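Report on the structure given below.
As a basis for the values below, the full set of heavy atoms in this structure was taken, side chains included, without hydrogen atoms, waters or symmetry mates. Predicted, not measured: the structure shown is a model, and the values here were computed from it. First the proteins, then the strands, lettered A, B, ... as listed; each starts at 1.
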Number of protein chains: 2
Amino acid sequence: MAEASRLTESAGAVFAVLAQVGSATRPQLASLAGLSKPTVSAAVAELEGARLATHSGTSSSGTGRSAAVYGLGAASGSVLAVDLGPARTRVRGCALDGTLLAEADTPRTRAADAVREALAALPAGAPLRAIVVAVGDVTAPDRAGSGMRPATAKAGPVFDAVSVALPPGVPVHLENNVNCAALAELHEGAARGRRTFGYLRIGVGVGLGIVIGGQVLRGANGAAGELARLPYPWDDDREPRQEALEAYVGSHALLRRAAEIWREADGPCPRTADRLFALAAQGREPARAVVARHAADVGRLAAAVTAVLDPGLIVLGGSTGADPQLLPGVRAELDRLSWPTEVVSSQIGDLGTVAGAARLAVAKGVQTVTEGARVKD
Amino acid sequence: MAEASRLTESAGAVFAVLAQVGSATRPQLASLAGLSKPTVSAAVAELEGARLATHSGTSSSGTGRSAAVYGLGAASGSVLAVDLGPARTRVRGCALDGTLLAEADTPRTRAADAVREALAALPAGAPLRAIVVAVGDVTAPDRAGSGMRPATAKAGPVFDAVSVALPPGVPVHLENNVNCAALAELHEGAARGRRTFGYLRIGVGVGLGIVIGGQVLRGANGAAGELARLPYPWDDDREPRQEALEAYVGSHALLRRAAEIWREADGPCPRTADRLFALAAQGREPARAVVARHAADVGRLAAAVTAVLDPGLIVLGGSTGADPQLLPGVRAELDRLSWPTEVVSSQIGDLGTVAGAARLAVAKGVQTVTEGARVKD
DNA sequence: TGAACTTCGTTAGGAAGTTAACTAACGAAG
DNA sequence: CTTCGTTAGTTAACTTCCTAACGAAGTTCA
C-alpha cells in the first residue's frame with residue numbers, strides 16, 4: 001500500500017543523512033543524525049515501510065557483529081538539473097544521494113531535446129521531486145519555490161524553450177549559473193570543507209558566487225555577485241559606466257588587448273584565450289605580458305570582493321580565470337590591496353554548473369521528502 | 001539557595017523570549033516561544049525559582065480572566081557596552097531586556113573612568129554577564145568569546161587602557177564600531193523589520209556594516225565591510241592604491257574639495273562638514289555643487305556594495321553620510337549604476353555604536369543564561 | 001570447538017514536551 | 001446577585017525521544 005503520509009521528524013532526519021552519505025549502517029546514521037540507536041531503528045523501519053530506504057548489504061568492521069547497510073529505496077525518486085549554458089545545454093538526472101542516473105549534452109538550440117532525453121532515462125516508477133535550471137541571468141527571489149522566470153530578457157527565451165519539455169507538477173527552481181558552480185566547488189571542488197568563500201568566474205562576463213555558512217547568498221534582487229555593475233572606471237575625474245567592467249576585464253577585452261600589442265615578429269596572434277594562455281605558459285613574450293596584466297586585473301576584481309566580504313578564500317573559474325598561471329599575479333595584487341585571502345583555481349571547470357545545479361536539486365528533492373511530499377502545495 | 005545548575009531547554013527558550021520583550025504573560029510567552037501552555041508554566045516556575053524571572057503584575061485584556069505578567073528577575077544580571085570612539089568614550093550598562101541601567105560619556109582619554117563610573121552604577125547583587133567593546137578597527141574572529149584584541153595597532157592602545165578597568169572573569173567581546181551601529185539600525189533604527197541590509201558609514205573614513213539574515217557578517221579576518229580597501233582609482237591606465245578611497249571620499253577630502261573651488265565672493269569657506277551641509281541646504285552655490293558631487297561619490301560607493309551584495313537596503317550614516325539632502329543624489333547614481341535598492345538615512349546618529357554594542361552585549365548575556373552560565377569555559 | 005571480546009540491535013524505563021479537557025478567575029448582561 | 005462567555009492556568013493521557021541494560025551475532029585466540 002502506498003503510504004503518502006508525512007514522515008516523523010526523526011525519520012526525516014535519518015533520510016536526509018542517508019541521502020547525504022549514500023549508504024550507511026544504523027550506528028553510522030545514529031551518530032551522523034545525532035539520534036539514539038533505538039530512534040534510528042524505528043526511523044529505518046518507517047523508511048523501509050515507505051520504500052524510501054532498503055537494506056543493501058552488510059558491513060563487517062573486522063571485529064564484532066556485522067551491521068546492516070541501508071541505502072535509498074525505490075520510492076525516493078530522482079531530480080533533474082539543467083544548465084542552459086551559452087553554447088551547450090547540459091542535463092543531469094540524479095538520485096537523491098547524488099548518483100548520476102542520466103546525462104545529456106546538446107547544443108544550446110536543442111535544449112528541450114536534452115531534457116526529454118534525460119527524463120526518458122530516469123526510472124519511471126519513482127517520482128521526479130525537483131528540477132533546477134541554471135541560467136546565466138539574475139533570477140528573481142524564490143517565493144513559492146516554483147514559477148520563477150529569469151529577471152531580464154537575457155535568459156528568458158531559452159528558459160521558455162526548455163520549460164515546455166518539463167513535466168508538470170514538479171517544482172522548478174531557477175538559479176544563477178555562477179551560484180551553481182560555486183556550490184559545486186563547495187561540495188566537490190576547491191572549496192571542500194569550507195563554510196564561506198567566493199567563486200569568481202571570469203569569461204566573456206564576470207560573476208561571483210557567494211557562499212556564506214554553506215548557503216548561497218542571493219540578494220534582494222537575486223543579483224548578489226553581479227560584479228559587472230561594480231563602478232568602473234572610477235577616479236576623481238572619471239564617471240563609472242554600466243557594463244564597462246566586463247568590457248575591460250572579460251575575455252573579449254583580453255584578446256583585443258593582445259591583438260593591439262601584437263607584432264609581426266611575434267608570430268600569429270592568438271584568437272582564443274586558451275591559445276593565449278598556452279603561449280604564455282611557454283614564456284613567449286607578448287603573451288606572457290598580456291596574461292600578467294590580466295592577472296593583475298583579476299586581482300583587483302578579487303580585491304573589490306574581499307573589501308566588501310572578506311571571504312577568506314576565492315576560487316577562480318571561467319574560461320579566462322581558472323588557469324593556474326594566473327595565481328601568482330592575482331595573489332600579489334590581492335596581497336597588495338587587501339586582506340589575507342587564499343586564492344586557488346577551480347577544480348571542476350565547465351561541468352561545475354550542472355554539478356552544482358544537481359546538488360541544489362538533490363537538496364530540494366530531499367526537502368520534499370522530509371517536509372512531507374507536497375507536490376502541489 | 002543559589003541554584004547554579006543549567007536550565008532546561010524550554011526554560012532557556014522562555015527566558016530568551018522574556019528578555020526580548022521585557023515583560024509578558026504566560027500565554028504571550030507560549031506563542032512567542034512556540035511552546036505549549038503547560039511547558040511555559042513549568043518553565044516560568046523554574047525561572048522564578050532561579051530568580052531569573054519575577055511576577056511583576058497582572059494584565060486584564062478586557063474580557064476573561066486576567067493573566068499574570070512576568071519580567072526579568074534579580075538574578076538575571078546585566079551587561080556592559082563600551083564605545084571607544086575617536087573623540088569620546090561612551091559606556092552603557094543594561095539589563096538583559098535592554099533597559100538602561102547606567103550611562104557614562106567622557107573624552108577618549110578618560111575611557112577607563114567612564115567604565116568604572118558605569119560599573120559602579122550597576123546593581124551589585126547580580127552578575128555582570130558580558131562586556132562588548134566597540135572599536136574603530138578590524139577585530140580578530142571570535143574564538144573562545146574572550147581575549148581578543150584589535151587586529152592592528154590602530155585601536156590597540158585605547159583598548160588596553162580600558163581593559164584594566166574591566167572586571168575579571170566576565171567574557172569580553174570586541175566588535176567593530178560600524179558593525180555595532182548597523183545592529184542599532186537593525187533593532188531600533190532605519191532598518192527595523194529587515195533581515196538583510198548594509199549600513200554605509202562615511203566620515204573621516206568609510207565603513208560598511210553588513211547584516212544578513214539578522215546576523216552581522218564579520219568575514220574571515222573580521223574585515224568584511226572595510227571598504228577603504230576597495231580598488232581605487234581603477235581604470236585601464238591607473239593603478240589602485242591602498243587607502244586612496246578614503247582620501248578621496250572621506251570628510252577631509254570633502255572639505256579640501258570645497259576649499260579648492262571656493263572664491264572670495266562666496267563668503268567664508270566652511271571648516272566643518274556640518275557647516276558645508278548647512279550652506280548647501282540653503283541652496284548657496286559652491287556648497288550645493290560640492291555636496292551634489294559628494295552625493296554622487298557616495299552613490300558610487302553604494303553601487304560597489306550592491307554589485308557584490310545586493311542587500312536591498314542601504315542605510316547611510318556617519319558625519320558626512322547621514323544628511324538627508326544627500327539622498328536624491330545617492331539614489332540617482334545608484335539607480336544609474338546598479339540594482340533597485342532602497343536608500344535611507346540613519347535614524348540614530350552618534351549613539352548608534354553604543355546602542356548596537358549594548359544589543360550585542362544583551363544577546364551575549366542572554367546566551368550565558370540559556371546555555372548554562374559558563375563564565376570560565 | 002568454545003571462551004572471551006566486540007559491536008549490533010532491541011527492550012524497558014524515564015524525561016520532556018504535546019494535545020485535550022477541565023477548573024479557576026474575571027467582566028458583563030439579565 | 002446570578003449566570004454566561006471568555007480567557008488563564010492545571011491536570012492527565014499520549015508522543016517522541018533518550019539512556020541503560022541486555023540479548024544476538026560476529027571475530028579472535030587458545
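Considering all non-hydrogen atoms of both residues, B:L29 and B:V14 come closest at CD1-CG1, 4.0 Å. The two atoms that bring B:V132 and B:A357 nearest to each other are CB-O, 3.7 Å, heavy atoms only. Closest approach of A:P167 and A:L119 over heavy atoms only: CD-CD1, 3.7 Å.
Contacts of residues 67-75 of chain A with DNA chain D (heavy atom under 4.0 Å): none. Within residues 8-24 of chain A, no residue has any heavy atom closer than 4.0 Å to DNA chain C. Shown for residues 35-46 of chain A: residues whose heavy atoms fall under 4.0 angstrom of DNA chain C, namely A:K37, A:P38, A:S41.
The side-chain hydrogen bond (donor to acceptor under 3.5 Å, both in side chains) test applied to A:Q347 returns A:R192, not counting sequence neighbours. Checked against side-chain hydrogen bond (donor to acceptor under 3.5 Å, both in side chains), A:T99 has the following partners two or more places apart in sequence or in another chain: A:D97. Under the rule for a side-chain contact (heavy atoms from CB on, under 4.5 Å), A:A126 has no partner lying at least two apart in sequence or in another chain. Residues forming a salt bridge (charged side-chain N to carboxylate O under 4.0 Å, His left out) with B:E103 (at least two apart in sequence, or on another chain): B:R92. Not counting sequence neighbours, the partners of B:S36 by the side-chain hydrogen bond (donor to acceptor under 3.5 Å, both in side chains) test are B:T39.
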Intra- and inter-strand pairing of DNA chain C, written as dot-bracket with Watson-Crick and G-U pairs under 3.5 Å and | for the latter, reads |||||||.||||||||||||||||||||||

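Judged purely by atom type and a 3.5 angstrom limit, B:E46 uses its side chain to pair as donor or acceptor with the backbone of B:T8. Between the side chain of A:T58 and the main chain of A:S66, no donor-acceptor pair closer than 3.5 Å is present. Proximity of a side-chain donor or acceptor of B:T196 to a complementary backbone N or O of B:G213 within less than 3.5 Å is detected. Checked by atom type and distance alone, the side chain of B:H173 never pairs as donor or acceptor with a backbone atom of B:E175 at under 3.5 Å. In this structure, the side chain of B:D310 engages the main chain of A:G222 through a donor-acceptor pair within 3.5 Å.
Contacts classified as salt bridge (Lys or Arg N to Asp or Glu O under 4.0 Å) and involving residues 180-191 of chain B (residues at least two apart or in different chains) are given here: B:E188-B:R359.
Each of A:L96, A:V362, A:V366 was checked for a side-chain contact (heavy atoms from CB on, under 4.5 Å) with A:R129, and the lone residue meeting it is A:L96.
For DNA chain D, the span of nucleotides reached by chain B at under 4.0 Å from its heavy atoms goes, 5' to 3', from D:dT6 to D:dT11.
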For nucleotides 28-30 of chain C, list the nitrogen or oxygen atoms of the protein found under 3.5 Å from its nitrogen or oxygen atoms, one pair per line.
none

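At a threshold of 4.5 Å between non-hydrogen side-chain atoms, the residues A:L183 and A:L360 count as touching. Side-chain contact between A:Y199 and A:L186 is absent, with no heavy-atom pair separated by less than 4.5 Å.
Where B:G34 and A:S66 each meet DNA chain C at their nearest nucleotide, the meeting point lying more 5' is that of A:S66.
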